[in-house]
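Below is one structure, written out as structure tokens; comments come after it.
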Amino acid sequence: MDLDTVRTFVAAADAGQFREAAAELAVTQQAVSKRIGALERNLGVRLFTRTPRGAELTIDGQAFLPHARELLRVAERAVASVRTGRRPLRVDIIASRGAASGLMRGFHQAHPEIDLDVLMLLDIETAVTAIRSGEIDASFRAVAAPGRPLPEDIESVRVLDEPLQLLTGPGHALAGARSVTIAQLAGHRIWMPGIIPGTEWAAYYDDLVAEFGLTIEATGPNFGSDALLDTVADTPALATFMGEHTRLVWPSGHGLRRIPVTDPTPVYPHSLLWHRDNPHPALATLRAHLAATAAGHDAAGTWVPGWVIRH
């Protein structure tokens with residue numbers, strides 16, 4: 001259905017005269033008549049009856065009018081959804097409880113006037129494809145894993161180095177420690193069933209294992225964070241890694257301990273990715289916010305894999 005004919009119909013219905021509708025639409029009265037005639041042929045009904053005072057809606061015209069108005073509203077919303085500056089800023093945060101989620105919550109609190117769509121995509125290839133297609137405006141990722149250089153049209157900036165902590169149950173041998181060195185973790189079983197081969201976080205933990213001789217097990221099904229916490233709480237032989245900014249809640253009876261890791265402190269490097277030609281004005285606001293609020297990176301006494309982009 002031609003939206004110009006629908007728009008003309010609504011204008012004529014509101015004006016009650018084709019001549020006034022023509023003036024409103026900046027077209028000739030003949031053009032209005034042609035558009036109304038085309039719409040009537042398309043619908044197979046008469047929409048107006050000519051009268052000495054102008055044009056009145058028929059019963060069919062009265063039935064069609066509210067739907068015609070809704071068609072125009074839907075069309076306007078569709079255009080607004082993709083118009084730069086009017087559609088929400090779409091950002092991938094990977095997971096709802098991670099550090100990237102916290103960064104975006106801080107941005108929303110600082111800029112409540114900016115509409116946001118928050119998405120959670122699994123792997124970096126999916127995220128980069130979505131950025132390049134315009135499906136999303138930005139993504140938080142660790143870049144760039146071996147053999148996966150970013151495309152030339154994708155920009156990135158490092159925004160947060162998140163220290164890893166050891167999470168243990170009350171019966172674990174290290175549960176009473178105020179902090180542990182990474183060398184002390186050698187020989188302890190670290191269970192992380194959420195590691196998915198091929199992801200950037202799998203590459204990160206592969207390098208962590210190789211660098212410090214750790215034992216990280218990704219065996220068994222991943223039933224989510226609640227099941228992981230239950231198992232770690234009940235199994236003295238198991239511990240897991242957790243980001244310092246990861247927000248999880250567990251029953252007080254679990255007795256779980258979050259223990260800082262030192263000498264060096266492994267940090268997970270979060271970067272913001274976006275397309276270099278993305279014109280969304282809120283993207284520049286997000287980048288400026290992160291630059292002003294995010295902590296520095298490559299601090300003394302920390303470790304990241306050698307493939308991590310340093311800017």
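Ring centroids of W191 and Y205 are separated by 6.0 Å or more, keeping the two rings apart.
Put simply, the residue from H270, R105, M104 that forms a side-chain contact (heavy atoms from CB on, under 4.5 Å) with I93 is M104.
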Checklist line | Worked check of salt bridge (Lys or Arg N to Asp or Glu O under 4.0 Å) between R141 and D123 | finding: CA-CA 9 Å; R141 297 285 159 175; D123 59 78; over 6 Å; no

Margin query: Under the criterion side chain to side chain contact (heavy atoms under 4.5 Å, CB included), I'd like the reasoning laid out for V91 against F140: C-alpha separation, chi angles, the key distance, then a yes or no.
Written below: CA-CA 8 Å; V91 182; F140 289 91; 3.8 Å; yes

Note to self: One pair to check against side chain to side chain contact (heavy atoms under 4.5 Å, CB included): L256 and T168. What are the steps and the verdict?
What the structure shows: CA-CA 6 Å; L256 293 168; T168 76; over 6 Å; no

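For F9, the ring pair (Phe, Tyr, Trp, His ring centres under 6.0 Å) criterion is met by F48, F64, not counting sequence neighbours. By the ring pair (Phe, Tyr, Trp, His ring centres under 6.0 Å) test, W274 pairs with no residue at all, sequence neighbours left out. Annotation: side-chain contact (heavy atoms from CB on, under 4.5 Å) contacts of D226 (sequence neighbours excluded): R97.
In I196, the CD1 atom is crowded: over 12 heavy atoms of neighbouring residues, nucleotides or ligands sit closer than 6.0 Å. Crowding of E113 atom CD: a count of heavy atoms from other residues, nucleotides or ligands under 6.0 Å exceeding 12. Within a 6.0 Å radius of NE2 in H254, other residues, nucleotides and ligands contribute more than 12 heavy atoms. In this structure, E56 places its CD atom where only 12 or fewer heavy-atom neighbours from other residues, nucleotides or ligands lie under 6.0 Å away.
Expressed to the nearest 0.5 Å, how far CG of L160 lies from CZ of R158 amounts to 9.5 Å.
Between E155 and R276, none of the side-chain N atoms (NZ, or NE/NH1/NH2) sits under 4.0 Å from a carboxylate O, so this pair counts as no salt bridge. Of the charged side-chain nitrogens involved, none lies within less than 4.0 Å of a carboxylate oxygen, so that E76 and R73 do not count as a salt-bridged pair. Between R87 and D137, at least one side-chain N (NZ, or NE/NH1/NH2) sits under 4.0 Å from a carboxylate O, which counts as a salt bridge. For D2 and R7, the salt-bridge test fails: no basic side-chain N is under 4.0 Å from an acidic carboxylate O. Between D60 and R46, no side-chain nitrogen of the basic residue sits less than 4.0 Å from a carboxylate oxygen of the acidic one, so the salt-bridge criterion is not met.
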Ignoring hydrogens and angles, write down the donor-acceptor pairs under 3.5 Å from the side chains of residues 19-38, residues two or more places apart or on other chains.
| from | atom 1 | to | atom 2 | distance (Å) |
| --- | --- | --- | --- | --- |
| T28 | OG1 | A31 | N | 3.0 |
| S33 | OG | Q29 | O | 3.3 |
| R35 | NH1 | T8 | OG1 | 3.1 |

Distance-only criterion, 3.5 Å: show the donor-acceptor pairs between side-chain atoms of residues 206-218 and protein atoms not counting sequence neighbours.
| from | atom 1 | to | atom 2 | distance (Å) |
| --- | --- | --- | --- | --- |
| D207 | OD2 | W307 | NE1 | 3.1 |
| E217 | OE1 | R189 | NH2 | 3.2 |
| E217 | OE2 | R189 | NE | 2.9 |

Taking distance alone, no hydrogens or angles, what donor-acceptor pairs closer than 3.5 Å link side-chain atoms of residues 174-183 to residues at least two apart or in another chain?
| from | atom 1 | to | atom 2 | distance (Å) |
| --- | --- | --- | --- | --- |
| T181 | OG1 | Q184 | N | 3.2 |
| T181 | OG1 | Q184 | OE1 | 3.4 |

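Put simply, I94 and L286 are part of two different groups of oily side chains (I, L, V, M, F, W, Y) that touch within less than 4.5 Å, one to the next. Tracing side-chain contacts under 4.5 Å through hydrophobic residues (I, L, V, M, F, W, Y), one reaches M1 starting from L72; they form part of the same cluster.
Two residues are said to be in side-chain contact when any heavy atoms from C-beta on lie closer than 4.5 Å; L228 and P193 meet this criterion.
Ring geometry for H289 versus H111: interplanar angle over 60°, hence perpendicular rather than tilted (30 to 60°).
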